[in-house]
There are 2 protein chains.
Amino acid sequence: MSNYRFQIEQHADMFKALGNPHRLAMFRRLVTCCTPGTVCDPNSTFRYTVSQLGHGLEIAPSTLSHHLKELNRAGLIEMRRNGKIVECWIEPAMLETLRSLFEITPNNQT
Amino acid sequence: MSNYRFQIEQHADMFKALGNPHRLAMFRRLVTCCTPGTVCDPNSTFRYTVSQLGHGLEIAPSTLSHHLKELNRAGLIEMRRNGKIVECWIEPAMLETLRSLFEITPNNQT
DNA sequence: TCTATAATTCGACATATTTCGAACTATAGA
DNA sequence: TCTATAGTTCGAAATATGTCGAATTATAGA
């Protein structure tokens with residue numbers, strides 16, 4: 001079953017989070033298997049610290065923190081403290097869910 | 001080349017448009033090849049009129065119009081007047097662009 | 001031409017978002 | 001324990017968004 005209205009609201013919430021240019025830039029940085037000079041593994045994503053994600057965006061640390069919290073709340077990114085820093089990454093399964101919303105399918109909704 | 005900042009802002013604008021539950025519901029209705037009782041063609045999308053898209057959403061006509069204008073402005077939907085009604089549909093190429101933003105790739109940005 | 005239907009524009013208002021600086025917490029290392 | 005680094009929380013201010021009703025435009029058909 002899984003309530004259609006609820007699903008729509010949940011997905012809208014994800015897109016709203018991606019609807020800010022700063023947040024989208026950080027998200028896109030995370031949708032990455034490797035960076036120049038690292039070993040590439042196409043089945044997992046790269047990990048960045050909070051301040052690495054904010055690099056180049058010219059926003060205050062408090063704003064940066066607010067945006068990442070928002071991405072995390074929407075279920076778009078994972079975060080875990082590791083000593084002094086906080087690591088951020090993306091779960092590939094979440095990407096597949098998002099891609100599926102842009103696949104043309106027969107319409108069987110209400 | 002194609003300015004990275006500009007691209008991000010353009011894409012963020014699309015996601016912002018999808019970030020409203022009413023707009024996402026209408027967009028999803030359009031990401032459809034057929035409805036029950038119609039002939040299915042997986043390579044093109046179904047066309048709806050403005051009021052068909054608003055059906056079931058319980059919003060004023062002015063709000064409906066505002067939302068569709070927003071989706072159109074962001075480049076997510078096409079609209080054309082056909083007599084008394086306005087037809088709305090989606091271009092499949094646009095869907096492919098959006099899907100690609102959720103594919104894991106090597107990072108070569110700034 | 002008159003009318004009904006479909007959709008848009010405009011102005012107003014309530015609510016949400018983005019951003020910042022200041023103050024705070026967490027951790028590692030000297 | 002003290003200090004520096006990394007990140008978060010809080011409150012405030014400016015701006016943007018979602019929504020409506022009333023008025024308007026576009027079209028087809030009687």
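Quick note on labels: first sequence line is chain A, next is B, and so on, each numbered from 1. Quick caveat, the model's predicted, so the values are computed rather than measured. As a basis for the values below, the full set of heavy atoms in this structure was taken, side chains included, without hydrogen atoms, waters or symmetry mates.
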Minimum heavy-atom distance between A:Tyr48 and A:Arg29, given as atom pair plus value: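 Minimum heavy-atom contact is CE1-O, 3.2 Å.
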For B:Val31 against A:Glu103, the heavy-atom pair lying closest together: CG1-O, 3.4 Å
Whole angstrom is fine here: how far is it from [atom1] in [X] over to [atom2] in [N]?
X       : N      : atom1 : atom2 : value
B:Leu57 : D:dG18 : CG    : P     : 14 Å
B:Asn82 : D:dT27 : CG    : C1'   : 11 Å
B:Met79 : D:dA26 : CE    : C1'   : 14 Å
B:Lys16 : D:dT17 : NZ    : C1'   : 9 Å
A:Gln52 : D:dA6  : CD    : C1'   : 12 Å
B:Met26 : D:dG18 : CE    : P     : 11 Å
B:Asn20 : D:dG18 : CG    : P     : 5 Å
A:Arg73 : D:dT8  : CZ    : C1'   : 17 Å

Polar pair under 3.5 Å, donor/acceptor by atom type, side chain A:Ser65, base D:dG7: no
Supply the atom-to-atom distance [X] [atom1] to [Y] [atom2], rounded to the nearest 0.5 angstrom.
X       : Y       : atom1 : atom2 : value
B:Leu30 : B:Arg47 : CG    : CZ    : 10.5 Å
B:Met26 : B:Glu70 : CE    : CD    : 10.5 Å
B:His66 : B:Arg23 : NE2   : CZ    : 6.0 Å
B:Leu76 : B:Asp13 : CG    : CG    : 8.5 Å

Tell me what [X] touches on the nucleic acid: a base, only sugar-phosphate, or nothing, going by heavy atoms under 4.0 Å.
X       : result
A:Ile59 : sugar-phosphate
A:Ser62 : base
A:His67 : sugar-phosphate
A:His66 : base
B:Thr63 : base

Comparing A:Lys84 and B:Arg81 on DNA chain C - which has the more 5′ nearest nucleotide: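 It is B:Arg81, whose closest nucleotide lies nearer the 5' terminus.
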Shared hydrophobic cluster, B:Ile104 / A:Trp89 (ILVMFWY, side-chain heavy atoms < 4.5 Å): no
Side-chain N,O (A:Lys69) to OP1/OP2 (D:dG7) below 4.0 Å: no
First-last contacting nucleotides on DNA chain C - partner chain B, under 4.0 angstrom, heavy atom: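 Using the under 4.0 Å cut-off, the span is C:dT5 to C:dT9.
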